[in-house]
Amino acid sequence: MEPPHTKGQPVSYQAAVTPYAPETPSEPVPVILDVDTGIDDAMAIMFAVRHPLVDVQAITCVAGNASVDQVVRNTQQILDLIGAPEIPVAAGALRPLVEVPRHASWVHGETGLGTVDLPPTQRTPEPVHAVELLRRTLAATDRPITLVTLAPMTNLALFVRTYPDLLERIERIVFMGGSASIGNATAVAEFNVWHDPEAAHIVLSSGVPLTMYGLDVFNRVVVPAERRAALKASADPIEHTLGALLGHVAVDPDSGHSFEYQVIGDAGAVCALVAPDLFTFEVWPVQVDISQGLARGATVVDRRPYDGGEGGERDSEWRPSAIALQVQVPAVLDLFFDTVTGPAANR
Ligand code: RIB
Ligand code: CA
């Protein structure tokens, strides 16, 4: 079988633009989370561990919002906070494949968790690299596993290039990354893809089915001010931590521009996995710009309803991805908070 990461067939418009309306899972979905914990990765971990339809098999960590060692510590402290069972956690890539490291510490704070100060963890990370934890976890089960990556895709790219024969054990890659519209790291590039464009290119061209949870929906799931205030005022440690995470104010050292976090961010990608009916997806050809130009790190989404055009047919670098383009914000917020802080949460 041709290794999935080699060039496939050109993606025609008809082949790419097919409806994507997945069923709500009827049983727990085995998942590996890939994170750069981070304010919103923390919220995603809380949700994933607490939602009954997510079976977190492992968590792999990568540098991005903070250094990889800090990401591991943050991840374990969040697992402690929510009383999570023992879940294997491993450190992965210290830096991008080619690009220089550009941590987003001004966004997520020096520790990566804003002003949140949690007790030191007693958990110990796996004594293996994240790529080995991915291999071990995928090799150990006959149930296809869904990879949910909420960070620069360096770990996944290393895995794709190291174990191409194991890609068929991956059900789908749900990635928080990219955008069919505006960027955040640059005018057109989203941070996770921009941080390691080569890694994103390798993962998106691996042949594994893709769901893109990009800024088109990421930016819209905003927690209302009154709810943020109530969380901050809560004596419940989880609610209070959520209030501090959502209320964290980032200040850009260069421009002085500041903003309050406010969104559940990465957690929305896990919500899309368990409640796809709260989102609208379209399948379009996507390609990562890995040039050194103005659009480096952009996910270029070709939404032209035809093949060809002056630029000719799409070549095989274009890969179809289901893209979340609409979201029922109130329903997703209810899902998130009912799961993480509601009475049903196994608190
Ligand atoms: O662009 C948003 C992404 O960058 C999120 O995953 C956030 O945690 C940061 O990693
Ligand atoms: Ca993240």
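Indexing begins at 1, ligand by ligand and atom by atom, following the structure's order.
- A donor-acceptor pair under 3.5 Å links the side-chain atoms of T111 to the main chain of L113, judged by distance alone.
- Less than 4.0 angstrom separates some heavy atom of L150 from each of these atoms of ligand 1: 6 (O).
- Neither the backbone nor the side chain of V107 comes within contact range of ligand 1; no heavy atom lies under 4.0 Å.
- Using the six-membered ring where Trp is involved, F336 and F47 have ring planes that are parallel, under 30° apart on the 30 and 60° scheme.
- Considering backbone and side-chain N/O atoms, L215 never comes within less than 3.5 Å of an N/O atom of ligand 1.
- Atoms of ligand 1 lying under 4.0 Å from at least one heavy atom of M176, given by number and element, are 2 (C), 3 (C), 5 (C), 6 (O).
- Only the side chain of D36 comes within contact range of ligand 1, with a heavy atom under 4.0 Å; no backbone atom does.
- Less than 4.0 angstrom separates some heavy atom of F191 from each of these atoms of ligand 1: 1 (O), 4 (O), 9 (C), 10 (O).
- Panel note: side chain D216, backbone L325; no donor-acceptor pair is recorded below 3.5 Å.
- Checked by distance only, ligand 1 and Y261 stay at 3.5 Å or farther apart across all their nitrogen or oxygen atoms.
- At the Ca ion (ligand 2), the angle from OD1 in D36 to O in L150 is 90° when rounded to 10°.
- With hydrogens and angles ignored, the 3.5 Å screen pairs no side-chain donor or acceptor of E110 with any backbone N or O of S105.
- The contact set between ligand 1 and E190, taken as ligand atoms under 4.0 Å from a residue heavy atom, comprises 1 (O), 2 (C), 3 (C), 4 (O).
- Counting only distance, with no hydrogens or angles, the side chain of E317 and the backbone of S205 share no donor-acceptor pair below 3.5 Å.
- Taking 4.5 Å as the limit, every side-chain heavy atom of E27 sits out of range of all side-chain heavy atoms of D55.
- Residue, atom and distance of the protein heavy atom nearest to atom 6 (O) of ligand 1 are D266 OD1, 2.6 Å.
- Scanning all protein heavy atoms for the shortest distance to atom 8 (O) of ligand 1 gives D40 OD1, 2.6 Å.
- Every heavy atom of H195 sits 4.0 Å or more from the atoms of ligand 1.
- Under 4.0 angstrom from ligand 1, the non-hydrogen atoms of N65 all belong to its side chain.
- Side chain of R169 to backbone of T141: a donor-acceptor contact under 3.5 angstrom is found.
- Our summary of the site lists the angle at the Ca ion (ligand 2) between OD1 of D41 and OD2 of D266 as 70°, to the nearest 10 degrees.
- Although no hydrogens or angles enter the test, the distance criterion places a donor-acceptor pair under 3.5 Å between the side chain of R50 and the main chain of V340.
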task: Quick one: do V31 and T146 satisfy side-chain contact (heavy atoms from CB on, under 4.5 Å)? Show the steps, please.
output: CA-CA 5 Å; V31 162; T146 296; 4.3 Å; yes

